[in-house]
Amino acid sequence: SAALLLAGLTLSGCIHFTHESAEGKPVSDIATINQINPALTIVRVDGKGTWFWLSRQSQYFIGPGIHRIEVRRELSEQSYTGTVERTVELAAGRTYGLDGKTGYGRWDFEVRDIETGQRVDKPVPETAAQ
């Protein structure tokens, strides 16, 4: 039965991820991050995996507040970059977009409020990243 579940989830295509901070809460009490750039994937939220290896996720439901996210970029079907880590400050009931850019052999991402365009991600302080 586990194999059937995995096959079903894999074949279903895009799914969403619900962080523990959003579990059981109404939509008005959580934040949503939509994947704008299909090459980007959030692989961890607050140090916990998002099941990214199971299926491509296009939406992430996360409780409001400050969270640490790790994002990777797909280079090809089976090749990925390392992760880039940032903190995001999310508000309940808001929708954000995860987008990225590439240039000069480097890539980066940003998380912006869809309605206001305001960027809500910040680099992780050096002392916290070590």
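- V120 and I30 are not part of a single hydrophobic cluster, where members link through side-chain heavy atoms under 4.5 Å apart.
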Go through I62 and T18 one step at a time and tell me if the side chain to side chain contact (heavy atoms under 4.5 Å, CB included) criterion holds.
CA-CA 6 Å; I62 304 172; T18 302; over 6 Å; no
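- In this structure a side-chain-to-backbone donor-acceptor pair under 3.5 Å is missing from T41 to V43.
- Atom OG1 in T50 sits 10.0 Å away from atom NE2 in H19 (nearest 0.5 Å).
- The shortest heavy-atom contact between G63 and S21 is N-OG, 2.7 Å.
- In E23, the CD atom is crowded: over 12 heavy atoms of neighbouring residues, nucleotides or ligands sit closer than 6.0 Å.
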One pair to check against salt bridge (charged side-chain N to carboxylate O under 4.0 Å, His left out): K101 and D108. What are the steps and the verdict?
CA-CA 6 Å; K101 55 191 168 208; D108 199 5; 5.5 Å; no
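- Interatomic distance, L40 CG to W107 CH2, rounded to the nearest 0.5 Å: 6.0 Å.
- To the nearest 0.5 angstrom, Q59 atom CD is 8.0 Å from T95 atom OG1.
- By the ring-ring contact (aromatic ring centres under 6.0 Å, His included) test, F109 is found to be paired with no residue, residues two or more places apart in sequence or in another chain being considered.
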Run the numbers on R94 and T116 for side chain to side chain contact (heavy atoms under 4.5 Å, CB included), then give the verdict.
CA-CA 10 Å; R94 305 297 295 181; T116 67; 3.6 Å; yes
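- Put simply, the side chain of R73 never gets that close to the backbone of A39: no donor and acceptor are under 3.5 Å apart.
- Among pairs with a residue in residues 116-125, those fulfilling salt bridge (Lys or Arg N to Asp or Glu O under 4.0 Å) read R86-D121, E110-R119, R119-D121, at least two apart in sequence or across chains.
- In this structure, K48 contributes its side chain and R44 its backbone to no donor-acceptor pair below 3.5 Å.
- Salt bridge annotation for R68-D46: absent, with no cationic side-chain nitrogen under 4.0 angstrom from a carboxylate oxygen.
- Residues passing the side-chain hydrogen bond (donor to acceptor under 3.5 Å, both in side chains) test with T87: none are found, sequence neighbours excluded.
- Taking every heavy atom of both residues into account, A91 and A31 meet most closely at O-CB, 3.5 Å.
- In this structure, the separation between OG on S58 and CD1 on I36 is 10.0 Å, given to the nearest 0.5 Å.
- In terms of heavy atoms, D113 sits closest to E115 at OD1-N, 2.8 Å.
- Taken to the nearest 0.5 Å, the CG atom of N34 stands 9.5 Å off from the CG atom of L98.
- One distance of note links OH of Y96 with CD of E89; it measures 8.0 Å at 0.5 Å rounding.
- In terms of hydrophobic clustering, with Ile, Leu, Val, Met, Phe, Trp and Tyr side chains grouped at heavy-atom distances under 4.5 Å, V71 and L90 are assigned to a common cluster.
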